[in-house]
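Step one of this worksheet: look at the structure below.
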Number of protein chains: 2
Amino acid sequence: MSAAPRIEKPAKAMAPGVHFPPDVFAADCPTRRVLDRIGDKWAVLILILLARGTVRFNELRRLIDGISQKMLSQTLKSLERDGLVSRRVIPTVPVAVEYTITPLGRTLHDAVDPLRIWAETHIAAVEAAQARYDAAPRQG
Amino acid sequence: MSAAPRIEKPAKAMAPGVHFPPDVFAADCPTRRVLDRIGDKWAVLILILLARGTVRFNELRRLIDGISQKMLSQTLKSLERDGLVSRRVIPTVPVAVEYTITPLGRTLHDAVDPLRIWAETHIAAVEAAQARYDAAPRQG
DNA sequence: CGGCATCCTCGTGGATACTG
DNA sequence: CAGTATCCACGAGGATGCCG
């Protein structure tokens, strides 16, 4: 997953002495992890779904088109680890497990929403640009 | 890259008849591609960087910690294809190439910004949750 | 039902070398 | 300088099978 050890910064990839503010551009910036988490499409999808209400494991599986059981399980686990989602086990005969978004998770969901809006608003422009680009007569 | 053929929906992964609103959860939803593009950490990083001003190829390379020449080139190309970034070739002796964010790209940048804010604001909470989770005495 | 373990494929992306 | 092309290693992630 994106949360996995992704630190590929030997700190020698750059000339010594070259330094820029410890910004998002530094490989070890924690903010980068959040970006990675957002990059995880399954995570975002799950978050959006859970923002609408508590859902059970297999129900999520049914709702999210194309997700494998492995990825669902894995993603839920890291979401839980990040405190974005909470897990509740109901010890019925065949066990049932509910997933609910946490307050923290909801704040992230709110921050992600502008992106969804953007996508819906500008997707046409993007596709038009792509068409234009693909049709370009190979400008030197 | 994320923009690559990522369509893994045979439309038969679900029982026939089972249908949900053509939402973000459908694998073929165009919105999903935007999410994928955001998921591309390099793309986001480049976008943020270019939002601050026009930058040249190798300058970007130097600025972004850990990016390979291949990924930079590749990412810039798809950003250009998406109409988010524009490329300008200056035919000097050794050729120079400038990359500039487009108005469309800027709107995306603006939509991404809340995420950066969120990250900076809540990263501590997330890390705390992780620490708690990792220290959990294996409940149930 | 929920979920972990195993296997195995195949795409992502780094390293390297060459060109305009 | 700004790429493109090739090779290759690694790991994400699907498929399958088993367990509590």
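A, B, ... follow the sequence lines: proteins, then strands. Residue 1 opens every chain.
Contact between B/V85 and B/L50 at its shortest, heavy atoms only, is CG2-CD1, 3.6 Å. Between A/L79 and A/I46, the closest heavy-atom pair is CD1-CG2, 3.8 Å. Among all heavy-atom pairs drawn from B/V44 and B/V112, the shortest one is CG1-CG1, 4.0 Å.
D/dT4 atom P lies 11 Å from atom CG of B/L72, rounded to whole Å. Spacing between atom CD of B/Q74 and atom P of D/dT6 amounts to 15 Å, rounded to whole angstrom units. Protein atom CE of B/M71 is 14 Å distant from nucleotide atom C1' of C/dA15, rounded to whole Å. Rounded to whole angstrom, the span from the CZ atom of A/F57 across to the P atom of C/dC1 amounts to 12 Å.
Salt bridge status for B/R56 with B/E98: absent, with no side-chain N to carboxylate O gap under 4.0 Å.
Legend: residues meeting ring-ring contact (aromatic ring centres under 6.0 Å, His included) with B/H109, ordered by chain and number and at least two apart, are absent. Partners of B/T100 by side chain to side chain donor-acceptor pair (under 3.5 Å), not counting sequence neighbours, listed by chain and number: B/T54.
Not one side-chain nitrogen or oxygen of A/T92 sits closer than 4.0 Å to the OP1 or OP2 atom of C/dC1.
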- What does nucleotides 15-20 of chain D look like as a protein-contact string, B for base, S for sugar-phosphate only, - for none, at under 4.0 angstrom between heavy atoms? B----B
